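Presented below is the structure to which this report refers.
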2 protein chains.
Amino acid sequence: MEPADGAVPSARAQRGAPPRTAFLLAQLGADAADRFADRIAALGLTPREAGAIRVLGRRQGLSQRELAELLGTVPSRLVALVDELETKGYVLRERSEGDRRNNVLTLAPGGERMLAQLREVAQAHQRDLLSPLAPDEQQTLAALLAKLAAASDLTPDGHPGFRR
Amino acid sequence: MEPADGAVPSARAQRGAPPRTAFLLAQLGADAADRFADRIAALGLTPREAGAIRVLGRRQGLSQRELAELLGTVPSRLVALVDELETKGYVLRERSEGDRRNNVLTLAPGGERMLAQLREVAQAHQRDLLSPLAPDEQQTLAALLAKLAAASDLTPDGHPGFRR
DNA sequence: TATTGTTATACTCTATAACTATA
DNA sequence: TATAGTTATAGAGTATAACAATA
């Protein structure tokens, strides 16, 4: 009862997934996050820092509260994070002119360069991660994961396993 | 090679997965782990406790060092964990007669009952998690994840996202 | 001397809530 | 009074290494 290798013998298409599939998903997801964390550690970044840079690359001018919301964290935790990114030259933090209580966060030139490096690292990471699968299998997996994500209420920017 | 439902236009089968697939895997895996943690919290268990019970259900008589190894953690962290499981009546901790330095860990009757409950919870969890997918899609996903897991060096008992 | 379980210490995270400055 | 950012404090979690018992 375990050919399950070639995938989807249509005879038992009714059955759904074998018992440990949700466990596997969690295990592989955590492993993927760990491996990505290792890669960006070589760039001197934590997963959270990388996440902040990635978000700011798409939406410049956020306030710290807005960024905290998008990252799924709390404003007070952003202080040290932005401090660090600022001293590293990746992020600019300026007082808003309209409402001087707000900070306006933008990517510094160094942040843009780091973002480009991050994209390359992410690409290499994904290539290695999915290399056991053939290209068409990779596309199938991507489509199925996208379907699951669409059905859940995960935000595109939201934290993945950014707990490290 | 079947068009796996709505996905995989075979014209671009060469291309592999779209850019954010590894990110999605990490995000969905973390979400799955969180949701499972919520469910077993209703049973009064942490993910780590559930993992220990699950492992002991398959391999009775482990020492604390062996269990630590299987769970991917450190012996000193097992002390409080086993203390808790013992007082809850799920695990028995006895001195080994052969080598009195070792503890022999087994599931108490209450632990067997809890294991049965855990299996039901895991089943419901997976059913809900994968419900956005049709049964044949679920099987396809399971096969692809299994292929990835086989290619990596993840142990069957190893910690998934058991960090909570 | 080496190993198992245990304990103790220090260190890192995190959450929570005060505090300031603006509005 | 309310809000954005900051700071402070306390709490949980973890790693590391010292320790006692046994081999």
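This one's a predicted model, so the numbers in the text were calculated from it and none came from an experiment. Every chain is numbered from 1, with letters handed out A, B, ... down the list of sequences.
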Side-chain donor-acceptor contacts of residues 85-96 of chain B below 3.5 Å, not counting sequence neighbours, with atom names and distances?
residue : atom : partner : partner atom : Å
B/E86   : OE1  : B/R93   : NH1          : 3.1
B/T87   : OG1  : B/D83   : O            : 3.2
B/T87   : OG1  : B/E84   : O            : 2.9
B/K88   : NZ   : B/G44   : O            : 3.0
B/K88   : NZ   : B/E49   : OE1          : 3.2
B/K88   : NZ   : B/E49   : OE2          : 3.3
B/R93   : NE   : B/Q64   : OE1          : 3.2
B/R93   : NH1  : B/D83   : OD1          : 2.8
B/R93   : NH2  : B/V79   : O            : 3.4
B/R93   : NH2  : B/D83   : OD1          : 3.1
B/R95   : NH1  : B/R101  : O            : 3.0
B/R95   : NH1  : B/N103  : OD1          : 3.0
B/S96   : OG   : B/G98   : N            : 3.3
B/S96   : OG   : B/D99   : N            : 3.3

Given the rule that I, L, V, M, F, W and Y join up when any side-chain heavy atoms are under 4.5 Å apart, are A/L154 and A/L25 in one cluster? yes
Within less than 4.0 Å of OP1 or OP2 of D/dT7, is there a side-chain N or O belonging to A/R77? no
Rounded distance in Å - CD (A/E66) to P (D/dT3): 15 Å
Could you state the atom-to-atom distance from CG of B/L62 to P of C/dT4 in whole Å? 14 Å
Roughly, in whole Å, what's the span from CZ in A/R65 to P in C/dA23? 16 Å
Nearest-angstrom distance from the residue atom CD of B/Q64 to P of D/dA21: 17 Å
With sugar-phosphate meaning primed atoms plus P, OP1 and OP2, does A/S63 contact a base, only sugar-phosphate, or nothing at under 4.0 Å between heavy atoms? sugar-phosphate
Please give, in whole Å, the distance from D/dT6 P to A/L78 CG? 9 Å
Value in whole Å for how far the P atom of C/dT6 lies from CD of B/E86: 9 Å
What distance separates A/T106 OG1 from A/L62 CG, expressed to the nearest 0.5 Å? 10.0 Å
With a 4.0 Å cut-off, would you call B/R39 and B/D128 a salt bridge? yes
Would you state whether a donor and an acceptor, one from the side chain of A/S76 and one from the base of C/dT14, lie under 3.5 Å apart? no
Contacts to DNA chain C from residues 88-105 of chain A, heavy-atom cutoff under 4.0 Å, which residues? A/D99, A/R100, A/R101
Check the distance between C/dA15's P and A/L71's CG and give it to me in whole angstrom. 13 Å
Calculate the interatomic distance between B/E84 atom CD and D/dG13 atom P; express it in whole Å. 11 Å
Is it true that B/K147 and A/E137 have a side-chain N and a carboxylate O under 4.0 angstrom from each other? yes
How long is the straight-line distance from CG of B/L115 back to CG of B/L56, given to the nearest 0.5 Å? 9.5 Å
Nearest-0.5 Å distance that lies between atom CG in A/L105 and atom CZ in A/R59: 12.0 Å
